[in-house]
Amino acid sequence: MRKLDHQWSILEYNDYFMVKLYQSKYNDILNMYKGEFQQKGIPLSVGSFNVILATYIMVGDTQSAAELVKKMVRGDVVPSIRDFERTMRRCMPHNATIVETAKALISDHGFTTTRILDTNLIHLFGEKRAEDVRRLYLAQKSRKLDLSTYGILLRGFVDSRQIKVAQSIYEDMVNAGVKPSTFVCSTMLTVFTHRRDVASAEKIIQETLKNGHELDITIYTQLIKVYFKARQTAKAFHVFNEIQKSPSMKLNDVVLNTMIDGLVINREMEAAKLLYDQMLKSSIQPDMVTFNTLLKGFIKANDHASAAAVMTDMQKLQLNPDTITFTTMIEAVLSSKQPSSAQESLQMLTTAGMRPNIYTFNAMLNWWVKAQNMREAERTLDILKSPPYNFHPTVHTYTNMLQGYAETMDLPKAMQTFQTMLRSDQKPDRAAFHFMIVSFLRASRLQDAMVCVKRMRAMDVNPTKDTWMLLLDECHLRRDWVVGAEVVQELDASGALMALPNELLLYVLRRYLDLGDLWQLLQVSRDIRFFAMDTIHTRWKFEVTPSAETTMKVQCRAALIALESLSCQLSLQTRVYTLQYPHGPETDLMQREERLHQRIIRGISSYKHKYVLIEDIDIRNRIRSAVDVIFHHAVFVAALSRSPVRLACTHASSNNRALAAMIVRLLTRLDAAFPSYCREITYTLADNIKAFLEYTGYKLLAMNQQHDPLVLYNMVISACFDLMGAAFIGKILSESHVECAVQRTCELLSDDHLRSVKRALLVDLLEGWLTIKRGLVAGELCRLVRLEIDKCDRHGYAAPRRQLTRHYAALIE
DNA sequence: GTAGGGTTAG
């Protein structure tokens with residue numbers, strides 16, 4: 001192998017080491033290295049370094065391995081993870097663990113040197129191994145890195161489209177007190193442009209200037225772009241003027257193209273054309289970028305004459321349309337030519353001498369998707385994947401397909417595409433997940449859509465407000481509160497709830513959540529307590545902040561909210577089951593109801609006044625306050641919970657009556673719980689009804705006839721009437737109490753335009769409550785009510801008779 | 001190691 005008198009070059013030593021390593025002859029390697037190699041003072045090369053390091057690892061001499069790496073801190077050879085892996089692929093292709101060990105050694109002992117760290121990062125980014133870098137970074141994160149290292153990291157992640165990671169590394173950099181260079185500034189401007197974050201862009205510009213760096217025209221160009229993207233045209237023009245005024249900068253084609261594109265983005269085609277005309281007359285002539293930008297704008301604005309004029313100008317300058325031109329125009333071209341197949345549409349390109357790239361294919365594919373022709377979209381996908389193109393589908397390719405399958409409701413294909421996407425190592429982005437979610441929702445698979453959301457969030461991809469909205473709307477539509485609660489939970493956990501625009505937050509709270517849910521939120525989520533309280537305040541108009549005076553009321557309110565939801569379940573089940581309580585599935589509900597009654601009773605009686613003598617008075621007052629709250633809840637709060645939509649459905653009035661019955665059961669229970677305060681509840685209730693009717697009178701006086709707020713108003717009065725009827729059946733109110741109220745109501749509603757309301761109320765009272773129970777003596781009252789109904793009829797009203805239900809009388813007892 | 005144009009929901 002070795003010729004006499006021939007001095008080996010480093011390459012020959014390399015070969016020797018590598019062959020020996022392949023043969024696992026570690027001693028030969030070490031003898032040669034420690035002997036002849038070092039005696040002759042031959043400088044280590046990358047290749048031999050890798051072999052020696054591998055040898056130390058193989059013989060278990062970690063100490064020497066670490067020393068070797070540390071020795072490299074001074075010198076020209078850089079220990080590189082990438083290079084080590086390359087050597088190992090040749091020498092030890094079957095050893096899977098050695099690379100990991102070497103990686104750890106290099107990063108532990110080498111990365112303290114900026115030069116070694118930087119080179120490794122550049123190597124890894126060069127191989128598109130951003131994920132590896134991210135893991136390495138997390139290990140280094142705790143210490144302050146060199147400015148150059150930050151620069152490489154930021155640029156690497158921006159180039160691999162990991163904008164979020166770049167942004168968080170920049171935050172680390174700022175926190176470590178490292179000031180930006182122009183390179184970092186430029187890199188971060190791309191991030192801020194992407195995010196439309198003007199404030200951060202301006203801040204980093206100031207920081208860089210403060211650091212004594214001179215900002216060149218490239219940075220200013222980027223700044224122009226940020227402003228345009230963030231819809232701040234005036235500021236963009238300001239920078240443009242600064243460039244023109246500055247003696248150190250010279251206006252060029254890139255700046256002008258950026259300006260034109262910015263105007264196009266902002267749909268300012270007049271201004272864009274003006275700039276373009278000036279350009280034609282100036283020494284800076286338009287180029288392909290200029291033409292493609294203008295074409296995009298005119299096509300988007302549906303100005304085909306101007307687009308054609310641009311094409312003519314292009315020819316005059318002897319420039320030919322390129323692939324980008326074609327991609328820009330492809331939608332317009334295909335729509336006018338209406339090809340019948342993928343093959344045909346491709347032909348149109350190739351005969352024009354175009355060689356499509358992946359962008360072109362994606363645009364073409366998307367045209368078929370939009371035409372809802374998935375067969376041809378699939379064919380396009382096949383063509384782009386096969387020879388002679390052999391393109392790899394991108395996220396956009398898959399996402400376009402997903403959109404098509406979502407719209408054509410082809411869930412199996414959508415799921416299949418999603419799987420293919422994951423297998424091909426393409427990370428689904430928010431749009432991909434969005435269409436998967438749409439696919440599931442269209443197939444009525446809310447639960448699976450939810451799984452998607454969770455998976456999405458686990459991958460650190462956040463849905464936009466539109467995706468959240470879609471999910472919420474679907475839950476709302478299907479009245480699926482179980483999944484709905486999960487959505488709100490995820491929304492809350494994602495931190496997006498508070499970041500949502502107020503409009504959406506209030507939508508969630510007002511339209512989506514019931515009073516019961518809001519009540520939960522008061523206790524569960526501190527962040528949204530303020531909003532929940534405000535919503536309860538403005539929509540349901542009652543106090544929720546506990547204080548010395550209100551604690552009992554707030555507790556009472558909580559129990560009432562729970563009772564309300566109980567009564568809904570009850571009325572649903574009584575339709576199917578028995579009229580009497582103690583059998584069947586009702587029993588459990590009744591026990592829960594009893595527990596809630598107990599809570600209210602305890603709330604009233606647990607209070608001990610410090611002056612024993614007046615305790616008596618306090619309990620009386622507290623019973624009165626409790627009944628006030630109960631009345632308010634039954635008439636105002638519950639009435640507002642019944643939306644007009646709910647009222648229109650058949651079960652609505654049955655729900656209302658169930659609630660009235662439930663309230664009267666509670667009052668009866670209270671009556672029994674405080675026997676020494678005989679009739680206190682009756683008096684308070686009667687007082688409340690009286691006050692309510694007076695209030696109603698004033699309301700009616702103030703009300704504008706044209707506005708007709710009676711829809712809602714009618715619900716409030718009818719809630720009071722239901723309560724009154726139920727209380728009469730439950731013997732909380734006497735015949736004379738009801739009679740007074742009826743008389744007063746008839747006076748209030750004597751106007752012609754209110755007659756229909758009046759009649760409906762009276763009929764409901766008579767047929768829904770007064771006459772449903774045998775043996776109930778209400779002769780006078782019934783006569784009065786019938787008389788009033790007759791009066792209405794004589795004025796020309798004959799409403800259809802209602803079906804009677806006798807369930808509710810049974811429910812009160 | 002720095003700047004400009006083409007593909008995706010709502």
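None of these values were measured; they are calculated from a predicted model.
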Measure from the ring center of A:Phe157 to the ring center of A:Phe125 and say whether it is less than 6.0 Å.
yes

Does atom NE2 (A:His213) have a neighbourhood of more than 12 heavy atoms from anything else shown, all under 6.0 Å?
yes

Answer with yes or no whether A:Thr327 presents, from its side chain, a donor or acceptor under 3.5 Å of a partner atom in the base of B:dG6.
yes

Measure the distance from CG on A:Asp429 to C1' on B:dT7 and round it to the nearest whole Å.
12 Å

Measure the shortest side-chain to side-chain distance between A:Arg196 and A:Val226 over non-hydrogen atoms and say whether it is less than 4.5 angstrom.
no

Integer-rounded Å distance: B:dG10 P and A:Leu441 CG:
13 Å

Select base, sugar-phosphate, or nothing to describe what A:Thr397 touches, counting heavy atoms under 4.0 Å on all strands.
nothing

Whole-Å gap separating P (B:dA3) and NZ (A:Lys250)
20 Å

Let me know the distance between CE of A:Met421 and C1' of B:dT8, rounded to the nearest Å.
10 Å

Can you measure A:Phe183 atom CZ to B:dG1 atom P for me and round it to whole angstrom units?
9 Å

Considering only side-chain heavy atoms of A:His434, which listed nucleotide, B:dT8, B:dT2, B:dA9, is closest?
B:dA9

Counting heavy atoms from C-beta on, name the nucleotide in B:dA9, B:dA3, B:dG10 closest to the side chain of A:Phe435.
B:dA9

Heavy atoms only, 4.0 Å cut-off, all strands: where does A:Thr360 land among base, sugar-phosphate and nothing?
base

Taking any heavy-atom pair under 4.0 Å as a contact, classify A:Thr290: base, sugar-phosphate, or nothing.
nothing

Between the base of B:dA3 and the side chain of A:Asn252, is there a donor-acceptor distance below 3.5 Å?
yes

Any chance you could lay out the side-chain contact (heavy atoms from CB on, under 4.5 Å) test for A:Gln162 and A:Glu131, step after step, and finish with the verdict?
CA-CA 10 Å; A:Gln162 304 218 43; A:Glu131 261 318 297; 3.9 Å; yes

Report yes if a donor N or O on one partner sits less than 3.5 Å from an acceptor N or O on the other, where the partners are the side chain of A:Asp216 and the base of B:dT2; otherwise report no.
yes

Nucleotide nearest A:Thr467 when distance is taken to its side chain, options B:dT7, B:dA9, B:dG6:
B:dA9

Check: A:Phe361 ring centroid to A:Tyr389 ring centroid under 6.0 Å
yes

Among the nucleotides B:dT8, B:dG1, B:dT7, whichever has the atom closest to the side chain of A:Ile152 is B:dG1

Taking atom types as they are modelled, would you say the side chain of A:Ser186 forms a donor-acceptor pair with the base of B:dT2 within the 3.5 Å cutoff?
no

From C-beta outward on A:Ile217, which listed nucleotide comes closest to its side chain: B:dT8, B:dA3, B:dG10?
B:dA3

Mind checking if A:Asp118 touches a base, just sugar-phosphate, or nothing, with heavy atoms under 4.0 Å?
nothing

Is it the case that the base of B:dG6 and the side chain of A:Asn357 share a donor-acceptor contact (distance under 3.5 Å, atom types as modelled)?
yes

Report which part of the nucleic acid A:Met364 touches: base, sugar-phosphate, or nothing (heavy-atom distance under 4.0 Å, all strands).
nothing

A:Thr182 near the nucleic acid: base, sugar-phosphate alone, or nothing, with a heavy-atom cut-off under 4.0 Å?
nothing

Picking from B:dG6, B:dG10, B:dA3, which would you name as closest to the side chain of A:Thr218?
B:dA3

Rounded distance in Å - CE (A:Met249) to P (B:dA3):
17 Å

What is the nucleic acid contact for A:Thr190, judged by heavy atoms within less than 4.0 Å: base, sugar-phosphate only, or nothing?
nothing

Tell me whether the count of non-hydrogen atoms from other residues, nucleotides or ligands lying under 6.0 Å of CD in A:Glu270 goes above 12.
no

